Amino acid sequence: MSHPTDDRNFRLPAHVRPASYEASLSLDLAGKAFRGDLIVALALAEPTAEIVLHAADLEVSSAELRGDGWSRPAASIRAATASETVVLGFGEAAPPGAAELRLSWTGRFCPGLRGLYDAGGGIAATQFEAADARRVFPCFDEPGFKATWSLDVEAPRGVTVLSNGPVEREEALGDRRRLRFARTPPLPTYLVALVAGRIESHPPVAVRNVPVRTWTQPEKLALTGFGQGVAVEVLPRLEDYFGVPYAFGKLDQAGLPEFEAGAMENAGLVTYREVALLLDPATASLAQKKRVAEVITHELAHQWFGNWVTMTWWDDLWLNEAFATWMAYKIVDGWIPGWRVWLDFDQGKAAALGLDALRSTHPIRAEVRNVAEAGEAFDLITYEKGGAVLRMIEGYLGEERFRDGIRRYMRRHAKGNAVADDLWSALAEASREPVVELANGWIRQAGFPLVSVARIGRILRLEQRRFFSDPAAAKEDDGTTWPVPLVIRYGDGERISEQRFLLRGARAEVPLVGEGDPDFVCANAGSTGFYRVAYDATGLDALARHLPRLAPPERIALLSDEWALVRAGVREIGPFLDLVASFGAERDHAVLDELVARLGTIEHRLVADGDRPALAALAATLFGPRLAETGWDAAADEPDEVRLRRAAAVRALGLVARATGVARDATARLDRWIGGDRGALEPNLHDAAVTMAARAGDAARFEELRRLFAAETDPAFRRRWLLALAAFEQPALAARAVDLAFGDEVPLQDSASFVAALLANRVAREPFWARLRSDWDTLHARVKGAPMLLRRVVEAMGSLVERRHLEEAEAFLAAHPLDEARQATAQTLEGLRQDVALRERSQGGIARWLAAR
Ligand SMILES: [Zn+2]
């Protein structure tokens, strides 16, 4: 007889709702096991003879249901594997009303990086999102079932234990102790957390009465100051934005040696991958500092968006993540405008535009039927496209009306659940604008528009159609249109003007204010819109002649849009290279970074071996003068802008053009740095220098980097030494790196990055790709307990180059279908097909252009 729980799409019935959990957990850290007891206060909406709740790999030993004057032990306890539930049968139906469910169980640590797991360095930690609380507690493990949690934990004395609330009571039990944590506000199960082990912090800093602490292994305590400072700075800024005080009593941030994602916003106890929390300001690159600030702010924004108001189901996960993504940049930008973090946001947006131009993309708000699909929803579309769409809506409504709508939403759904339309209604009420139409146009349909712009006199002719990066699909027009809030910027002599226009249908004409021919027209001012622009030849030529008058994000968007049009078969490679060559006077580091990225892609996958010297010469023309201006050494008071310009030039010359002089200088400086001369290498150059040293390195260098990796406590350097091992180009050393990918020396959390680095290495690529396919079981066994990493491994196959690789990848992924990575598989193969076709179609054009130059 089949039971609904035999279906993996099973959802818990709504008539049994938890109101509160009172849980006790006894940890056996040495044996990697635990024992638990739990009382759940329930509200039964109807007579109930059977209760289903989630439990995965737990041994539930007893269950009892109690009500007013009655109690019933479970007559049957059945584990349903497909739905990861336990079905408790009580024989006779319990009456509607309040009841109490009592459960006892045992379980073990998970082998991967979820549930309760060994996080390395003598630390055990939990990671529950999306649906792994069920691996520690039997519980109602869907976000719609919010309830308060009161937790007590028994652990060996001397072990630090952290959870969501502050410690309320402590009881000694011989060589063990029991800690009782304060009851939390209502939380969905995915936000419950526990960290236990050898972990320390400095004393707390009070921020408007909220004690804030940053925790790590004792030997890394010196690296906590920066992340602690960020939390102290941004917490009040978030409180002010939302108009609601922080709700969880205290804030702990903990850096964990093994962690699957970047960080997790558990209420009151945020956990991080170490590299996203810990750094030494004296040696960290600016990119690292910005990244740490952005991640911390993202997680703290979730304390409101997600934790205080929670999505009803995983199909609105995007709302959590899009909001936190956008909010992090907004808050950090307000705090340190000189960092220009919106340019970093634009890099994420560019990646999302790439993914969203595939046929295998999905709408921001997509159907989610089960846990595997919920896991797959943590992608670029959810975070980056979602964030970009919110930015576009904020730009359209204005900062204050948008914030008022958010505050309204926070007040109305406090401690509860909400769906996306609740947010749009709140924004519409605050702004009296058609937000629902605008938002749903972008949230519910996949893809984005290509806006074509032609100008006749002062009339702009605009057309939109869906943009596909596949040339075969590029001519298709399925009639989809978007409400596109355009901001148009144009120049007449000294004057720059801006005009706003909401493009609703397939085409429109917009008259520009003024007289005569404008010098140039940019149809995505500030590059804040989530669309691409195709200018006609005259428009494009005008932009190329007026580059300095465009803002840096507009220059980046021009390169990025034109490149996308080359990939889509709309433009030829030659004119694109003409455009690249017109950036010879460029000094803005962010635009230079974009140029390095474009040249890097051409070097990696398009150029024939014989044409490499000519491509290197192009890079030298563009970047040589920049390095000559800055030199290698930075003055103590040198602005970040100059430091980053130097770093872009060093990467272009040393990594893309492979200029031997630059690589030699970088390596010599790295050796001095390793010898203790911290002034020898400016922090923003370190990453590139290590890669250059590895590429040219011998066996002694390999072993040196391996020793540095093993001994390093700073997580950014540790990761850098590790990934450098995958960059060696002596075949014997590349083979050693391939072996490392299949052993335990590479931390599990870094295994996917290591795989990606090997596939990007032109010497290691072939042997590693062959080994990956022949020894897949070994690699798969390692990453299967961390589905996000498994998806990263699949995505890394996108950096393969030849048609033969594509065919091998197609055959391999067909023979080894991965349920947790269905989308990643389809998207990676589709992207690779296009890149391989691009290689075949453009190699000749590149050769001709380089020869003519
Ligand atoms: Zn998030």
Side-chain angles (χ1 to χ4, degrees), residues 113-114 125-133 143 164 187-193 227 230-231 234-235 238 241-242 246-248 251-256 259-273 275-277 290-332 341 344-345 348-349 351-352 364-366 368 374-391 406 410 417-418 420 423 749 786-789 791-792:
L113 302 176
R114 56 183 172 163
T126 57
Q127 168 58 40
F128 287 168
E129 193 179 23
D132 293 312
N164 305 92
L187 292 180
T189 45
Y190 79 88
L191 291 172
V192 174
V230 173
V234 301
L235 199 60
L238 288 162
Y241 187 88
F242 289 110
Y246 175 78
F248 301 102
L251 171 63
D252 287 317
Q253 317 192 84
L256 302 175
F259 195 84
E260 184 177 12
M264 177 63 212
E265 70 266 23
N266 312 299
L269 172 53
V270 182
T271 45
Y272 295 83
R273 184 178 270 249
V275 77
L277 179 68
K290 286 156 82 173
R291 171 78 181 141
V292 166
E294 183 261 316
V295 175
I296 291 173
T297 311
H298 176 114
E299 304 311 325
L300 297 188
H302 274 312
Q303 304 301 318
W304 286 263
F305 224 98
N307 299 10
W308 188 243
V309 180
T310 307
M311 69 265 166
T312 301
W313 178 244
W314 297 112
D315 52 3
D316 275 323
L317 171 76
W318 74 271
L319 190 55
N320 262 8
E321 296 306 345
F323 192 88
T325 300
W326 167 81
M327 189 85 214
Y329 287 96
K330 184 165 180 78
I331 294 286
V332 174
V341 291
D344 302 307
F345 178 89
K349 189 182 92 175
I364 292 177
R365 189 180 197 281
V368 174
E376 285 225 71
F378 290 84
D379 70 356
L380 282 170
I381 300 294
T382 295
Y383 283 72
E384 315 294 349
K385 182 182 180 186
V389 167
L390 288 179
R391 187 182 187 203
I406 297 293
M410 282 291 145
N417 289 96
L423 177 65
Q749 66 167 13
M788 200 175 274
L789 299 178
R791 286 193 284 278
R792 295 287 109 79

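Indexing begins at 1, ligand by ligand and atom by atom, following the structure's order. Treat the numbers as computed from the prediction; the structure is a model and nothing was measured.
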Is there side-chain contact between D344 and R291, with at least one heavy-atom pair below 4.5 Å? no

Would you mind reporting whether V192 and F128 have side-chain heavy atoms less than 4.5 Å apart? yes

So Q127 and D132, do their side chains get closer than 4.5 Å, heavy atoms only? no

Let me have the donor-acceptor pairs involving side chains of residues 259-269, under 3.5 Å, with sequence neighbours excluded, atom names and distances please.
residue	atom	partner	partner atom	Å
E260	OE2	M788	N	2.6
N266	ND2	L269	O	3.1
N266	ND2	T271	OG1	3.1

Taken to the nearest 0.5 Å, the spacing of R391 CZ from K349 NZ works out to 7.0 Å

Determine, using ring centers only, whether W314 and Y190 are less than 6.0 Å apart. yes

What protein N, O or S atoms come within a distance below 2.8 Å of the Zn ion (ligand 1), ordered by chain and number? H298 NE2, H302 NE2, E321 OE1

